[in-house]
> 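I am attaching a structure below and will ask some questions about it afterwards.
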Amino acid sequence: MKLSVNSETSVLKSVIVHTPGREVSLVNPEHKDQLLFDDIIFEEDARKEHLDMLKIFKTAMPEDGAIYEITDLFLECFKQEEARAFFIKELINQLPECNLHTIEEDLLKLEAADLLQFVIEGSTPAIHGFTLQPIPNLLFTRDLAAVVGESILLSRPAKKARLREAILMQALVKFHPLFEELSKKTIRISGKESIEGGDVLVASEELVLIGMSERTSFSGLMKATEGLLENGVENVLAVDIPKQRSSMHLDTIFTFSDTNECIAFPPAITERRDNIIALSSNNGSINARSIPSLQEALQQFMERDLTFISCGGPDRTNQFREQWTDGANVFALAPGIIVGYERNTNTFRELEKYGYQLMNQYKFIEEFKDQPSDLKNKKIAISFLGNELCRGRGGARCMTMPIARAK
Ligand SMILES: NC(=O)NCCC[C@H](N)C(=O)O
């Protein structure tokens with residue numbers, strides 16, 4: 001299957017996920033802030049919720065669609081000695097404060113599975129007396145990279161807690177055959193800059209949105225823009241958003257639900273002005289033009305009116321409450337077919353006003369399990385249980401890295 005993503009909503013063909021494992025049980029609440037969790041997660045329930053979410057994806061995806069568990073891909077990649085050696089070298093160099101050079105020889109002797117356990121959980125019985133923090137945010141695969149058109153933008157996280165994930169992704173793209181084509185157009189960001197996948201939204205083949213957020217620095221955004229413009233994107237919209245924990249990426253306050261509809265957290269999107277810069281290429285340099293609002297920018301560049309549906313509905317408190325629990329972070333399986341956490345009831349009610357049929361995960365699977373093609377031209381908002389997953393502070397879009405969508 002050819003890997004390419006030219007839209008946020010066209011039919012999902014292939015996606016990378018991580019069903020949470022033991023690493024989430026290793027989060028000590030004393031370290032939760034440093035590990036970017038707002039609470040501790042109960043692994044078993046989180047895993048069940050995640051696997052149930054994948055059942056929704058399978059129901060809607062075409063027969064030749066593929067859902068990859070990222071750990072399976074890492075294991076395949078680490079079968080190659082060269083990939084393991086590259087990865088270990090990068091770990092040592094990019095995390096000097098961890099003193100991993102002292103165990104370099106032990107690391108090089110590890111089998112693929114032990115190396116992966118060490119990296120994800122922070123320790124392995126195969127190496128005695130050396131422990132790191134786990135990487136519990138691996139379930140938010142979105143943030144590791146973004147496939148844009150036929151290129152791949154590798155994230156450079158702002159937070160140390162997510163750096164190991166980025167190094168894993170670096171190795172995967174370099175060595176796994178799945179990425180053979182995409183890796184020819186890899187966009188890399190240097191160590192001093194930062195960008196995370198949750199800030200990158202592929203509005204169309206020509207237009208990409210990048211949040212300037214708590215996690216994506218101005219220089220990271222410019223570097224990414226340069227790479228995207230060189231690889232066929234015509235315009236990048238830099239969207240300035242509040243730099244705060246509760247909306248750490250653009251996709252926590254804004255996502256597309258259909259070709260002409262999106263969900264937005266009003267205080268940070270529709271009520272903001274003068275927060276958009278359109279960037280385009282001009283004979284080797286980058287042109288910048290200010291646009292008053294995201295609505296106007298999308299109308300100009302997508303040549304259509306977009307309907308902005310309010311996360312949380314009209315009530316102020318509900319808007320804040322449901323943004324907090326990822327109400328604005330929906331994931332589209334096809335145009336108008338979206339999934340989001342069931343607890344965001346006011347957001348679902350608002351979607352209903354705009355013609356979305358509301359369905360819980362069980363009803364959806366029952367109704368469409370044998371005929372995903374029936375989803376064409378429908379608008380369905382599918383709710384799924386995620387009260388445990390939600391404690392990690394990410395929603396359905398955060399938990400997915402689409403690598404192929406229909407043209
Ligand atoms: N795209 C996203 O918004 N991802 C959610 C990331 C949550 C994670 N705990 C973090 O703070 O990085």
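All heavy atoms count here, side chains included; hydrogens, waters and symmetry mates do not. Bear in mind that the values here come from a model prediction, so they are computed numbers and not experimental data.
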> May I have all residue pairs that pass side chain to side chain donor-acceptor pair (under 3.5 Å) and include part of residues 134-146, sequence neighbours excluded?
Arg142-Thr400, Asp143-Arg162

> Would Lys353 and Glu350 pass as an ion pair if we require N to O under 4.0 Å?
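The answer is yes: the pair qualifies as a salt bridge.
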
> For Glu180, give me all partners under salt bridge (charged side-chain N to carboxylate O under 4.0 Å, His left out), at least two apart in sequence or on another chain.
none

> Under the rule for side chain to side chain donor-acceptor pair (under 3.5 Å), what residues qualify as partners of Gln299, not counting sequence neighbours?
Asp305

> Quick one: ring-ring contact (aromatic ring centres under 6.0 Å, His included) partners of Phe118, sequence neighbours excluded?
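Counting only residues at least two positions away or on another chain, Phe118 forms no ring-ring contact (aromatic ring centres under 6.0 Å, His included).
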
> ring-ring contact (aromatic ring centres under 6.0 Å, His included) with Phe348: which residues, sequence neighbours excluded?
none

> Is the cationic atom of Lys174 (NZ for Lys, CZ for Arg) positioned less than 6.0 Å from the six-membered ring centroid of Phe179 and within 45 degrees of its normal?
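No, Lys174 does not lie over the aromatic ring of Phe179.
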
> With the side chain counted from C-beta on, respond yes when Ile40 and Arg391 share a heavy-atom pair under 4.5 Å apart, and no when they do not.
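A side-chain contact under 4.5 Å is absent here.
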
> With sequence neighbours left out, write down each residue that passes salt bridge (charged side-chain N to carboxylate O under 4.0 Å, His left out) with Glu214, or none if nothing qualifies.
none

> Just one of Ile263, Asp251, Thr9, Asn344 clears the side-chain contact (heavy atoms from CB on, under 4.5 Å) bar with Val330, so which one?
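Among Ile263, Asp251, Thr9, Asn344, the one meeting side-chain contact (heavy atoms from CB on, under 4.5 Å) with Val330 is Ile263.
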
> For Gln300, check side chain to side chain donor-acceptor pair (under 3.5 Å) against everything at least two apart and list the hits.
Arg289

> According to ring pair (Phe, Tyr, Trp, His ring centres under 6.0 Å), does anything in residues 239-275 pair up with another residue at least two apart or in another chain? List the pairs.
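Residue pairs with at least one partner in residues 239-275: Phe254-Phe256, Phe254-Phe308, Phe265-Phe320.
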
> Can you name the ring-ring contact (aromatic ring centres under 6.0 Å, His included) partners of Tyr341, sequence neighbours left out?
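With sequence neighbours excluded, Tyr341 shows a ring-ring contact (aromatic ring centres under 6.0 Å, His included) to Phe384, given in chain and number order.
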
> So is Lys32 actually on top of Phe37's ring, under 6.0 Å and inside 45° of the axis?
no

> Please enumerate all residues that pass salt bridge (charged side-chain N to carboxylate O under 4.0 Å, His left out) together with Arg321, with sequence neighbours excluded.
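Arg321 satisfies salt bridge (charged side-chain N to carboxylate O under 4.0 Å, His left out) with no other residue.
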
> Check ring-ring contact (aromatic ring centres under 6.0 Å, His included) between Phe57 and all other residues, then give those that pass, not counting sequence neighbours.
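For Phe57 the ring-ring contact (aromatic ring centres under 6.0 Å, His included) partners, ignoring immediate neighbours, are Phe331.
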
> Can you name the side chain to side chain donor-acceptor pair (under 3.5 Å) partners of Glu111, sequence neighbours left out?
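Side chain to side chain donor-acceptor pair (under 3.5 Å) list for Glu111, sorted by chain: empty.
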
